[in-house]
Each structure stands twice: as structure tokens, then as C-alpha cells.
Amino acid sequence: MLDSRYFQEGVEELKMGLRKRSGGDELVAQVAQLSQSRKELILAADALKANRNAVSQEIAKLKAQAKSNPQAAQEADQKVLAMRAVGEEIKAMDEKLRLVEEQYQALTLRIPNLPHSSVPVGKSSDENFEVRRWGKPTELSFDPKSHVDLGEHLKIIDFERAGKMSGARFALYRGAGARLERALIQFMLDLHTSEHGYQEVIPPFMVSRDAMTGTGQLPKFEEDLFKTHVADRELFLIPTSEVPLTNMYREEIIEAGALPYYLTAYSPCFRSEAGSYGKDTRGLIRLHQFQKVELVKIVEPDQSYEELEKMVQNAEKVLQLLELPYRVLLLCSGDMGFSATKTYDLEVWLPSQNTYREISSCSNCEDFQARRAQIRYRPEPQAKPKLAHTLNGSGLAVGRTFVAILENCQDQNGNIRIPRVLHRYLEGAPGFTRRGDDLYILAQV
RNA sequence: GGAGAGAUGGCAGAGUGGUCGAAUGCAUCGGUUUUGAAAACCGACGUAGGGGCAACCUUACCGGGGGUUCGAAUCCCUCUCUCUCCGCCA
């Protein structure tokens with residue numbers, strides 16, 4: 001949610017900003033008008049209420065005198081009658097106001113964040129800006145296999161059985177595959193907690209509508225989420241642990257000097273992938289459930305862009321240690337997510353696709369989520385609370401990292417060399433190979 | 001799953017229909033006093049919306065929502081959460 005001043009004096013500025021994304025002049029005009037009628041209604045209703053409050057006091061006094069003064073009793077009765085009419089008027093006015101506020105809320109919650117001035121203006125991913133590359137695209141002397149072929153060959157991923165119980169877009173990791181996924185999770189969490197200063201969290205994986213609204217997934221993107229009812233209670237499966245991590249501090253005032261907060265969590269992530277039919281239908285790239293290690297920062301406003309750069313570096317470090325080639329993109333205005341003012345994507349090299357694919361997305365949301373979720377801090381001990389800035393980033397998407405390792409570290413026999421940093425999480429095993437018909441083991445490559 | 005109790009300002013804790021936005025204590029901040037500190041004393045001390053250049057005025061808020069009433073922290077309905085006891089359970 002944006003500062004309400006945009007809907008009063010900042011209408012032109014707001015339109016300019018939103019045009020960099022996908023437009024929204026009409027929406028802005030509507031909101032500006034609602035903002036105006038809202039003010040007018042408040043003014044009128046408040047005047048009526050002030051009058052009622054004053055007269056009610058008089059009635060109280062008159063009633064106190066009524067025993068000894070019959071005239072006072074009569075006067076009180078008259079005033080009660082008059083106020084009954086005023087009460088009706090107030091009720092009608094409040095109802096009008098309620099409708100206006102409802103619409104106003106509904107619309108403002110659907111307005112995305114404004115791009116930062118450093119963000120290139122563009123319509124689609126074609127206009128993203130490549131900031132840097134690390135490593136060289138892996139060159140293999142043979143025709144690289146896809147992770148799907150490798151995974152099935154090694155019997156470490158089983159799409160068929162996953163489909164049997166859950167349908168398309170689900171995966172089942174087994175044996176060394178499950179072990180590698182777990183090793184990656186642990187490696188990432190260890191790195192971010194011991195080297196980068198993040199606090200590890202295990203959050204709920206289901207959250208309320210309010211929490212989803214706080215980080216901006218709702219109300220606009222409900223169709224992208226899985227919703228459940230537990231004991232008649234509405235809950236959403238998290239599409240990323242950004243949601244619970246950021247909402248940890250909703251409706252809180254963080255004491256002076258406590259920021260910044262760095263949080264990290266591993267979680268499964270659930271996405272309906274509505275509208276993505278036909279894209280990445282095979283493999284681990286696009287699933288209804290995937291694993292991710294998330295990074296979230298809650299910081300003071302003047303720090304947030306600096307903190308974004310650091311967060312990107314924290315995510316990059318994972319790829320560097322895994323020796324996976326990648327590039328960093330600065331997303332253009334049209335390709336950014338709803339809540340972000342600025343986003344960097346990390347893309348890892350995938351030999352079978354001969355291209356870079358997204359493996360992390362790091363965004364500054366400035367005070368957009370903080371305003372929705374009311375996350376505030378005190379700049380100084382006695383000072384008035386201010387909205388904090390929130391950032392989030394993947395550190396990294398675990399399934400896609402798994403894919404990148406299989407594809408970049410394969411040999412011509414379909415064996416996988418395990419990056420050095422993971423050895424300690426895999427009992428020292430340097431690689432995967434297949435032995436026998438139904439087995440997979442950790443072994444020498 | 002069953003039975004019961006509760007939710008009031010940063011905290012503790014009064015208040016059961018009318019000058020209650022809310023006593024009192026603690027904490028916090030300013031001041032007086034003191035060589036300094038403590039103590040004592042005096043004063044200040046919520047949030048949000050609207051109006052106004054401003055002083056200031058006004059509205060709303062006693063877990064959330066709804067209702068009764070001229071008037072609700074107080075009465076009624078409902079939801080959520082917390083606690084205690086019993087049962088079940090990883």
C-alpha cells in the first residue's frame with residue numbers, strides 16, 4: 001500500500017510511476033475521487049456526532065435534576081426525541097462512509113509499489129539489465145542431459161509416483177536425491193546464519209488472510225495461492241516464507257536501535273501456478289510445491305538500498321561456493337513483482353537449456369509492506385514510530401539449485417560430481433552414481 | 001473433543017449505562033532540591049482519522065465485528081485469542 005498522500009496531492013506523480021509498470025491512470029483517478037468523498041463524509045458525520053455527544057451530556061444533566069424539577073424532565077424527553085432523529089441520520093451517513101471506505105481500501109490494496117528511480121523502464125523481461133556475470137557457462141564435451149533424465153537415471157527423483165498421489169507438478173525426491181536436497185538446505189542455512197548474520201526461523205507454513213494481505217499476495221493474487229480450511233478456519237499455504245517472516249513484526253513497534261533484523265527460513269512453498277500451463281511442464285523448475293531458503297530484512301529506511309545490495313551478495317555467495325555460473329539482472333519496471341520498488345534476479349546457468357534460469361529474486365519493498373502490515377520502529381528512544389522498510393530474497397530456491405548441480409556437474413555417464421562445500425553434509429561423498437537396477441548410492445566418481 | 005475463566009493505556013490494575021479517554025501504582029520524560037547520585041516533590045506522558053497557517057477544535061478507539069440506547073469500557077449477539085482442568089495425540 002502506498003502513502004495516502006499520493007491519492008490527494010500526488011495523483012500525477014503516482015500516475016507517472018505506475019505507467020512505468022503497466023499503467024493504472026483510471027484506477028488512480030477512482031481512488032483520488034473516493035479519497036475526496038471519504039473526507040467530505042467524515043466531515044459531515046463528525047459534525048453530527050459532535051452535536052449528539054454535546055446534547056447527550058445535557059440530557060444527563062437534565063435527568064439528574066429531573067426529580068426535583070419536572071420541567072427538566074420534560075426538556076430531557078424532548079432532547080431525546082430530537083437526538084433519535086440525529087441518530088438515524090448518523091447511521092445513514094456512517095453506512096455511506098463505510099461503503100466508500102470499503103471501496104477505497106479495496107482499490108488501494110490493488111495498486112502496486114512504485115519503481116525506484118534507479119530501475120530501468122521497460123515492459124517485459126526482455127528489457128531487464130544484466131549487471132554482472134560470475135563464472136563461465138559450463139562447457140561439456142558431450143551432449144548435456146536434462147536434470148529430468150539425470151534424476152530418473154539415478155533414481156533420485158520420481159515424478160511418476162508423485163503424480164500418482166498428487167497429480168502433475170509434484171515431485172518426489174528419494175535416496176541420494178532427498179539427501180542432496182536436505183544437504184543444500186542445511187548448507188544454505190548454515191551459511192546465512194554463521195557467515196551473514198541472519199537468525200534462523202521455522203515459521204508456520206499456513207497463514208491467515210491478513211498475513212497474506214500484509215505482504216501483498218492478497219487481495220490481487222488469490223488465484224495463485226492454495227487455500228485450505230482447517231476446522232472451519234481459512235488458511236493459505238505460503239507461496240514463500242517471505243510471508244511469515246515479514247509478518248512476524250506486523251502491528252509491532254520495534255524499539256530504537258534494534259534494527260536491522262536479518263531473518264532466514266527454510267520452508268516448502270506452495271503455488272497454484274495458475275496461468276502457467278505449458279511452461280516448464282517437465283521437471284523440477286515449476287512445481288506446486290518446492291523448497292526454498294528465504295532471506296528477509298527489516299531495516300531503517302535510509303539503509304534499505306544498501307541492504308538490498310548486501311542481500312544480493314549473500315545469495316550470490318551460495319552460488320559461488322557451489323561453483324555454479326550465474327548472472328545478476330536488474331529487473332526493469334514492467335517485470336517487477338507487485339510489492340517491490342527494485343528487484344535483482346540471480347540466474348543460474350543450465351546446460352541442457354543452454355540458458356540462464358532464475359534461481360533467486362531479491363527485492364526492496366521500502367515501506368509498502370510495512371504500511372499494510374503496520375511494521376514500525378522508533379528512530380530514537382522517545383520518538384514517534386515510523387514505518388520500517390522490508391526486503392526479501394531467495395537464498396536460494398533449493399529445487400532449482402538441485403537442478404543446476406545435476407546439470408552443471410554431470411559427466412557423460414550420467415554421474416554427478418558434488419561441489420566441495422557439500423561434502424561435509426553428505427558424509428564426505430564426492431558424487432552420485434547408479435549401481436544395480438533400483439539403487440543409488442553415494443560413491444566415488 | 002469436554003468443562004470453566006479471562007482479554008482495559010509501555011506494564012500492573014480499578015471501573016457494570018451519563019462530565020470515563022478512562023482512577024491508582026510502576027516505568028518513561030522534563031523540572032525543583034542535592035557537591036554528585038538516590039530519595040522526595042512538581043509537571044508531562046496513547047494511537048489513528050478529519051478541519052485549521054497556527055494555537056487549537058473535533059471524531060473514533062477499553063481483543064475484532066455487529067446490536068440495544070438520546071448516550072456503551074459497562075447490557076446483548078458473534079468471532080478470535082489467552083489461561084486452567086479433563087480426554088486424545090507427534
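Each chain gets a letter, A, B and so on, in the order its sequence line appears, and its residues count up from 1. Reckoned from all heavy atoms, side chains included, excluding hydrogens, waters and symmetry mates.
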If we take the [atom1] atom in both [N] and [M], what is their distance in whole Å?
| N | M | atom1 | answer |
| --- | --- | --- | --- |
| B/A44 | B/G25 | P | 13 Å |
| B/C86 | B/A22 | P | 44 Å |
| B/A48 | B/G43 | P | 27 Å |
| B/G71 | B/A12 | C1' | 31 Å |
| B/A73 | B/C20 | C1' | 8 Å |

For the pair made of [atom1] in [X] and [atom2] in [N], what is the distance, rounded to whole Å?
| X | N | atom1 | atom2 | result |
| --- | --- | --- | --- | --- |
| A/E40 | B/G49 | CD | C1' | 16 Å |
| A/L62 | B/U19 | CG | C1' | 14 Å |
| A/L235 | B/U80 | CG | P | 12 Å |
| A/E380 | B/C29 | CD | P | 14 Å |
| A/Y104 | B/G49 | OH | P | 10 Å |
| A/D94 | B/G49 | CG | C1' | 13 Å |

* May I ask you to test the A/N247-A/T215 pair for a side-chain heavy-atom distance under 4.5 Å? =>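 Answer yes - side chains close enough.
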
Tell me if the centroids of the rings in [X] and [Y] come within less than 6.0 Å of each other.
| X | Y | result |
| --- | --- | --- |
| A/Y262 | A/H192 | no |
| A/F402 | A/H147 | no |
| A/F338 | A/F368 | yes |
| A/Y249 | A/Y377 | no |

* To do: Do nucleotides 50-70 of chain B as a string where each nucleotide becomes B, S or -: B if the base has a protein heavy atom under 4.0 Å, S if just the sugar-phosphate does, - if no protein is that close.
  => SS------SSS-------S-B

* Sequence-aligned protein contact record of nucleotides 43-48 of chain B, with B where the base is within under 4.0 Å of a protein heavy atom and S where only the sugar-phosphate is -> -----S

* **Secondary-structure stems for RNA chain B, with pairs counted as Watson-Crick or G-U when both distances are under 3.5 Å and runs at least 3 long** =>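 Stems for RNA chain B, defined as runs of 3 or more consecutive pairs: B:1-7 with B:80-86, B:10-12 with B:24-26, B:28-32 with B:40-44, B:46-51 with B:56-61, B:63-67 with B:75-79.
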
* Residues which pass side-chain hydrogen bond (donor to acceptor under 3.5 Å, both in side chains) with A/R378, listed by chain and number, not counting sequence neighbours ->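 Testing A/R378 for side-chain hydrogen bond (donor to acceptor under 3.5 Å, both in side chains), a comparison that skips the adjacent residues, returns none.
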
* Asked: When you check the gap from the basic side-chain N to the acidic O, do A/E102 and A/R98 get nearer than 4.0 Å?
  ->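 A salt bridge is present here (some side-chain N lies under 4.0 Å from a carboxylate O).
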
* Output yes when A/D335 and A/K123 qualify as a salt bridge under the 4.0 Å nitrogen-oxygen rule, no when they do not. =>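 Looking at A/D335 and A/K123, the cut-off is not met.
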
Sequence neighbours left out, cut at 3.5 Å: what donor-acceptor pairs do the side chains of residues 235-243 of chain A make with other protein atoms?
{"unit_1": "A/T240", "atom_1": "OG1", "unit_2": "A/E242", "atom_2": "N", "d": "3.0"}
{"unit_1": "A/T240", "atom_1": "OG1", "unit_2": "A/K292", "atom_2": "NZ", "d": "2.8"}
{"unit_1": "A/S241", "atom_1": "OG", "unit_2": "A/S267", "atom_2": "OG", "d": "3.4"}
{"unit_1": "A/E242", "atom_1": "OE2", "unit_2": "A/Q369", "atom_2": "NE2", "d": "2.8"}
{"unit_1": "A/E242", "atom_1": "OE2", "unit_2": "A/N392", "atom_2": "ND2", "d": "3.4"}

* Asked: Atom CE of A/M336 and atom CG of A/D345: how far apart are they, to the nearest 0.5 Å?
  ->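 Here the rounded value is 11.0 Å.
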
* Output every pair passing salt bridge (charged side-chain N to carboxylate O under 4.0 Å, His left out) with a member in residues 47-64 of chain A, not counting sequence neighbours, ordered by first then second residue. =>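 Qualifying pairs: A/K49-A/D94, A/E58-A/K79.
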
